4 protein chains.
Amino acid sequence: MSEEAPARRRQARGQRRMEQLTDAAAEVFAEAGYARATTNAIAARAGVSPGTLYQFFKNKEALAEALATRYREQLRAAHEKAFDVGYAQLPLPELIDRMAAPMIQVNLDNPGFKALFADAGMPERLAAPTRALHQAVVGKIEEVLAARAPSLPAAERRTTAVVATQIFGALLGTVVSAAEEEREIWIRELKRALQRYLEPVIA
Amino acid sequence: MSEEAPARRRQARGQRRMEQLTDAAAEVFAEAGYARATTNAIAARAGVSPGTLYQFFKNKEALAEALATRYREQLRAAHEKAFDVGYAQLPLPELIDRMAAPMIQVNLDNPGFKALFADAGMPERLAAPTRALHQAVVGKIEEVLAARAPSLPAAERRTTAVVATQIFGALLGTVVSAAEEEREIWIRELKRALQRYLEPVIA
Amino acid sequence: MSEEAPARRRQARGQRRMEQLTDAAAEVFAEAGYARATTNAIAARAGVSPGTLYQFFKNKEALAEALATRYREQLRAAHEKAFDVGYAQLPLPELIDRMAAPMIQVNLDNPGFKALFADAGMPERLAAPTRALHQAVVGKIEEVLAARAPSLPAAERRTTAVVATQIFGALLGTVVSAAEEEREIWIRELKRALQRYLEPVIA
Amino acid sequence: MSEEAPARRRQARGQRRMEQLTDAAAEVFAEAGYARATTNAIAARAGVSPGTLYQFFKNKEALAEALATRYREQLRAAHEKAFDVGYAQLPLPELIDRMAAPMIQVNLDNPGFKALFADAGMPERLAAPTRALHQAVVGKIEEVLAARAPSLPAAERRTTAVVATQIFGALLGTVVSAAEEEREIWIRELKRALQRYLEPVIA
DNA sequence: TATGAATGAGTGTTCATTCAT
DNA sequence: TATGAATGAACACTCATTCAT
């Protein structure tokens, strides 16, 4: 029809290729860790040749970065849902519920990502943005605390937010790596742990 | 003096070399992760040639294993101190105090080890015993719970022990990587978090 | 023309590469022996990089194995020609002629192979099949002896076959390493030696 | 007693060390071939440290050379016995007997040497003198032929001598590597083969 | 002399990346 | 765009040789 149709079709194909590749990378990285994963293995898993991989990604790091971006974007979207909440009014258990649920979902949708981005073998360039994201979560929790426990000194507020994030992160790992039939148990316990930790502060 | 003097001196030198090497390995592994660490870099850091490294360690894995063993042995000793406690009588805060302190100390003495042995790029042979150790901690906590919260159903007891261990591990990481002047704050918060989590169970 | 053309062309190139590499390996192995030959030297001789060598051969041993297989297959074909002979009827000189000719030809076509596969530095996995082949030759000669010298006791038959094979092998080495213009002389003498050794037995 | 006694004693000890080392080298070379044998293994087998080995031998090659020299000297002595024979008069079988016996004995006394010095992995410097020795044997046989078959043209005389030497060498290998209880059989067959080959020439 | 720890060049092999087709 | 053969810098590891003791 239009003369732009082939270009669009081409672009669509390119999009598909990139997804094939990032999906394959996600699998291979998850199985082997960043350092042990080979780009040839990723290309093979995606059903393309190594050359093709390098037409879409500058190098191995760029692949991981794409993965990280995809993960981070989903997380950011989850954050928005999680924190864009009239949290001032909610009772603590429900507050935690609403905050935790989308984050858990993202990690269930992206198994292995959490482990990957905690990997010691990861190049610093990739670890940094992940830490930034982590800090963003801490910041959000600080905001909640500021609203709900206004009398808490700033220093303690930060400490509390960091610890809550750490607890959340650690138990998130347990949830994600758990067998499906046990998952609910771990999710309930994750929430319970956060409640017990935050209750005396938020009251 | 004695004719055995040179042998003893040589052995002492060997001992020193091994320590130089494991120390260098600890540093390099901690900085780069297992997979990215190169044996030549470790040798260079220790101030010796690659050949010398291989006179003391069969291969890269053996180096990591030596490190793991050293770490595990210190941890095991810490466990003994931590759990060989008349815990039946102690109030919860002190119980947590006594359990946490030696474990924290070991990890402060061995910075980077915790991160290393969580590394996804680690050969399974080395990851497995570390997981076993983790399980042992869980088991110990279960024992404590059995003694102090006998009415808790077994399933919940296990869940609680696992979660307490995870919380401890996560916050231990924060403690170890914190600047020295902030460390006390994080240690206090670690204990507080555990207390709040366990209090409703132990009563 | 066809869409399969590039694939075919690629395969042809692969075939050529393998030949380049086995040829180079044959040269380098022959010059230096198995153990002193380096894979990098073989790659260089073939005009390719070390990585390319390893795209076609799993490791050094596989290269030698390919060579061994090529050699053995030619030898086996030669055996068939050599021994699939109505030998019951032929006079001894002609019998020897027919048996020796194809074996000699194979070794002239593959200079250095005989030496290589007698190399003490060779991995056992490769030496074993070569010994098996040697035994096969002995067995064939025993068959001939059984047919042509039925009164010879079995033990002596075997001894005679072994010795004939050894004589043949030794003089084959002389033939192969001789200057071309002298080769005929050595071939004639090889046959003469076998005749003189076997004549009193076969009568 | 005398002031030279300690020097002499020292020298005697040195002599013993050299023998320990060459003996050890003979074993290790025979087991592993020249290239795969390690000087450290040789030192260990001799019960000394690597440093000591290098106090007596400049390098690995020098060790092999010492071995070669020892072997060659024994062979030379054997030659003298073998060929310093009033061969003009002896009947062929006895002539062969006398020539073969000492050579066989040397090789039985030095198992593995023959194989070692035929090793393709051997440095040229060591292979050359061995070839020279081989040529000497050929020369001696030519002399015998000149005396016993004066009508044989020089060219044929040489050819015959070379082939006789090759046959002898090949079957010598069989003799040396045979189990002890079979050795006599192979020695007899060796002589028989030589007889049959030389009989028509020497008449 | 004797030791054995130390050396370091060199080996087989891998894998991120490029490029001719 | 896609291919996959080709590259070559690195890596883990070995071993002939040296040297402080």
Side-chain angles (χ1 to χ4, degrees), chain A residues 10-11 13-14 17 35-44 47-63, chain B residues 5-7 9-11 13-14 16-17 35-44 46-63, chain C residues 5-7 9-11 13-14 16-17 35-44 46-63, chain D residues 10-11 13-14 17 35-44 47-63:
Chain A
R10 222 180 295 127
Q11 194 167 342
R13 183 146 56 124
R17 273 270 183 274
R36 291 157 84 95
T38 75
T39 54
N40 282 9
I42 292 169
V48 304
S49 69
T52 298
L53 185 156
Y54 280 86
Q55 221 130 32
F56 290 92
F57 297 95
K58 189 182 174 348
N59 52 31
K60 188 180 177 180
E61 209 175 308
L63 250 180
Chain B
R9 198 161 47 236
R10 230 180 284 125
Q11 193 165 344
R13 182 145 57 119
R16 225 180 313 132
R17 274 269 178 275
R36 289 160 83 93
T38 75
T39 54
N40 283 12
I42 292 169
V48 302
S49 69
T52 297
L53 187 157
Y54 283 90
Q55 215 141 31
F56 290 92
F57 297 95
K58 193 185 172 350
N59 52 31
K60 188 180 177 180
E61 208 173 311
L63 248 181
Chain C
R9 199 161 45 238
R10 229 180 284 125
Q11 193 165 345
R13 182 148 55 123
R16 226 181 311 132
R17 274 272 178 273
R36 291 161 82 93
T38 76
T39 54
N40 283 12
I42 292 170
V48 301
S49 69
T52 298
L53 186 158
Y54 282 88
Q55 216 141 31
F56 291 92
F57 297 94
K58 191 182 173 350
N59 51 31
K60 188 179 177 181
E61 207 175 311
L63 249 181
Chain D
R10 221 180 298 127
Q11 195 167 343
R13 184 147 56 123
R17 275 269 181 274
R36 291 157 85 95
T38 76
T39 54
N40 283 9
I42 292 169
V48 303
S49 69
T52 298
L53 185 157
Y54 280 87
Q55 223 130 32
F56 289 93
F57 297 94
K58 190 183 172 349
N59 51 30
K60 188 180 179 181
E61 210 174 308
L63 250 180

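Within every chain, numbering begins at 1; the chains are lettered A, B, ... in the order of the sequence lines, protein sequences first and strands thereafter. Bear in mind that the values here come from a model prediction, so they are computed numbers and not experimental data.
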Separation of [N] [atom2] from [X] [atom1] (nearest whole Å):
| X | N | atom1 | atom2 | value |
| --- | --- | --- | --- | --- |
| L53(D) | dT18(F) | CG | C1' | 13 Å |
| I42(C) | dT11(E) | CD1 | P | 12 Å |
| F56(A) | dT3(F) | CZ | C1' | 13 Å |
| F57(C) | dT14(E) | CZ | P | 15 Å |

Exercise for the section: Please identify each residue that fulfils side chain to side chain contact (heavy atoms under 4.5 Å, CB included) with A43(C), with sequence neighbours left out. Expected result: V48(C), L53(C)
Fill in the blank from the handout: Hits for side chain to side chain contact (heavy atoms under 4.5 Å, CB included) against A44(A), two or more places apart or cross-chain, chain-then-number order -> none
Exercise for the section: Between dT21(F) and dT1(E), how far apart are the C1' atoms? Round to whole Å, please. Expected result: 13 Å
Practice task
State whether S49(A) places a side-chain N or O below 4.0 Å from either non-bridging phosphate oxygen (OP1 or OP2) of dG4(F).
Solution key: no
Exercise for the section: Report yes if a side-chain nitrogen or oxygen of R17(C) is closer than 4.0 Å to either non-bridging phosphate oxygen (OP1 or OP2) of dA5(F); otherwise report no. Expected result: no
Handout entry: Contact pattern, 5' to 3', of nucleotides 10-16 of chain F - B, S or - by protein heavy atom under 4.0 Å
Key = -SSBBBB
Which residues pass the side-chain hydrogen bond (donor to acceptor under 3.5 Å, both in side chains) test with [X], not counting sequence neighbours?
| X | value |
| --- | --- |
| Q55(A) | none |
| R36(D) | none |
| T38(C) | none |

Fill in the blank from the handout: Per atom distances to the Q55(C) side chain, the nearest of dA2(F), dA2(E), dA5(F) is dA5(F)
Fill in the blank from the handout: Here DNA chain F, pairs taken as Watson-Crick or G-U under 3.5 Å and shown with ( ), [ ] when crossing and | when to another strand, reads .||||||||||||||||||||
Handout entry: Rounded distance (nearest 0.5 Å) linking atom CD1 of I42(B) with atom CG of L63(B)
Key = 5.0 Å
Problem - Heavy-atom pair of closest approach, residues Y54(C) and K60(C) - result: OH-N, 4.5 Å
